[in-house]
2 protein chains.
Amino acid sequence: LTSEARPQPDFDAKGLAKLLLRSIRSGALATLDRETGFPFASLVTVATDLDGSPLLLLSRLSGHTLNLEADPRASILLAETGKGDPLAHPRLTVTGEARRDPAPRIRERFLARHPKAKLYADFADFSFWRLTPAAGHLNGGFARAATLGGPDLLTDLTGAEALVEAEAGALAHMNEDHAEALALYATRLARAPAGAWTATGLDPEGLDLAAGDRTARIGFPEPVRDPGRLRWVLKALADQARAAEPA
Amino acid sequence: LTSEARPQPDFDAKGLAKLLLRSIRSGALATLDRETGFPFASLVTVATDLDGSPLLLLSRLSGHTLNLEADPRASILLAETGKGDPLAHPRLTVTGEARRDPAPRIRERFLARHPKAKLYADFADFSFWRLTPAAGHLNGGFARAATLGGPDLLTDLTGAEALVEAEAGALAHMNEDHAEALALYATRLARAPAGAWTATGLDPEGLDLAAGDRTARIGFPEPVRDPGRLRWVLKALADQARAAEPA
């Protein structure tokens, strides 16, 4: 008997992979040691670009950064933590090439997700990096695994230029004027605990929330590509959340 | 200004590295993808041999196992988790070559540390592996880092053959007859919360304890190489714990 004989229940591999990608804020980066060629695992904090590409803030004083300068091949393990056997919880490995990305939006999205990183993001040895997903491997817990392509992990931004442009303003507006709606999204739609929930990012497929160390992701019922539709969807989700049972 | 300008306080790098190695039960394994050469990060559960070598229980249905069969080069990231910025917590990367190890002791130590793995350890696709540490990289939190050699991480077993031989019996005896002492070690010496503490391993430098998902490590005041001295040291530590203030 091998563990292959265990049941492989159907599950939404792409949906779970994207949820992990959008929810988990730190992970293990694997790079190739520039001197020995050994694979090197190190801890990093992670955000995502609007398309879902993992974003990193790395220091040249860290070996992994010098490794990526010598060879961009990398992967990131994003693992859900929880009680009991860690292997019973879902995790995703995203494989791809990592390169510096000086775009202001990268910086804004990363620091919105990791506000404490503002303390060191401007040190001269730090820079922002993007890992472009080429493949994904999802392990959904025992006996549930899936190999994914880069496009399975990414969010299509075609036709969403106006939404991309409006993101920072929309987030600021929601955080300033709609804190109650954000808390309802988190507690009643994502079933997360009560807290000081803020919006940290949005993209055509959903809204990223954070409260201290916690995160939550609210998926949109349909892809949203322009700011007018975004307002409509956020309003509809707030109505839905108000009508939902408190946790 | 770079982050190099920040203070580098003195700290016991070897002691902290060994504590992480002996305390953390899951980590990120980095292997070399057998098809693409990309570094691949995946989640594993970890125990240690008496000498401190990381031990793994891997399935041939997982890519990392096939990767190691093709190229034994690997590293394991062991990261302490906690509140706030994950980068503020200490973590250790152990680099080395990983190979199957069928020794019965490897199996016993691993399953003592991960009792739930008994459910699947006997599936035909699973086998036990040992990573022989060649180097270590410790990051003790911001601005505290150290590069270590394999010997810095390992526990010298020279002259400790009788202790190695006696380990399983000593653990069984302590778990059966000295649960109160184990709880005192954990709560008063390691300052861990109260719980159903059991002993999962011992080696010349200390005793590994676990209670559910929690672990604790009690260092011996001097290296212990024979069972007679072990009894004396465990008794002295119990007296010391009884005399210590409750948490």
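Naming convention: chains lettered A, B, ... in sequence-line order (proteins, then strands); numbering from 1 in each chain.
Heavy-atom contacts from other residues, nucleotides or ligands closer than 6.0 Å to CZ of Arg60(B) number 12 or fewer. Around CZ of Arg34(B), the count of heavy atoms belonging to other residues, nucleotides or ligands within 6.0 Å exceeds 12.
Residues Phe40(A) and Ser75(B) come closest through the heavy atom pair CA-OG, 3.3 Å.
Note that the NE2 atom of His137(B) and the OG atom of Ser62(A) stand 6.5 Å from one another [nearest 0.5 Å]. Note that CG of Leu77(B) and CG of Leu29(A) are 10.0 Å apart. Values are rounded to the nearest 0.5 Å.
Interface remark: of the candidates Ala117(A), Ala28(A), Ala74(A), Ala74(A) forms the most heavy-atom pairs closer than 4.5 Å to chain B. With respect to chain A, the highest number of heavy-atom pairs below 4.5 Å among Gly27(B), Pro86(B), Gly63(B) belongs to Pro86(B). Taking chain A as the reference chain and counting heavy-atom pairs below 4.5 Å, the highest number among Ala135(B), Ala79(B), Gly212(B), Gly37(B) is found for Gly37(B). Most heavy-atom pairs under 4.5 Å with chain A, from the set Ser26(B), Ala30(B), Pro39(B): that is Pro39(B).
Contacts between Lys83(B) and chain A at a heavy-atom distance below 4.5 Å involve backbone atoms as well as side-chain atoms. When heavy atoms are compared at a cutoff of 4.5 Å, His114(A) does not approach chain B at all. For chain A, the nearby part of Thr36(B) is the backbone; its heavy atoms alone come within less than 4.5 Å.
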Kindly determine whether Tyr120(B) and Leu87(A) satisfy side chain to side chain contact (heavy atoms under 4.5 Å, CB included), including the steps that lead there. CA-CA 12 Å; Tyr120(B) 49 88; Leu87(A) 300 181; 3.8 Å; yes
Kindly indicate, with the supporting measurements, whether the criterion side chain to side chain contact (heavy atoms under 4.5 Å, CB included) is fulfilled by Leu43(A) and Asn139(B). CA-CA 9 Å; Leu43(A) 189 71; Asn139(B) 191 318; over 6 Å; no
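Although no hydrogens or angles enter the test, the distance criterion places a donor-acceptor pair under 3.5 Å between the side chain of Thr93(A) and the main chain of Ala41(B).
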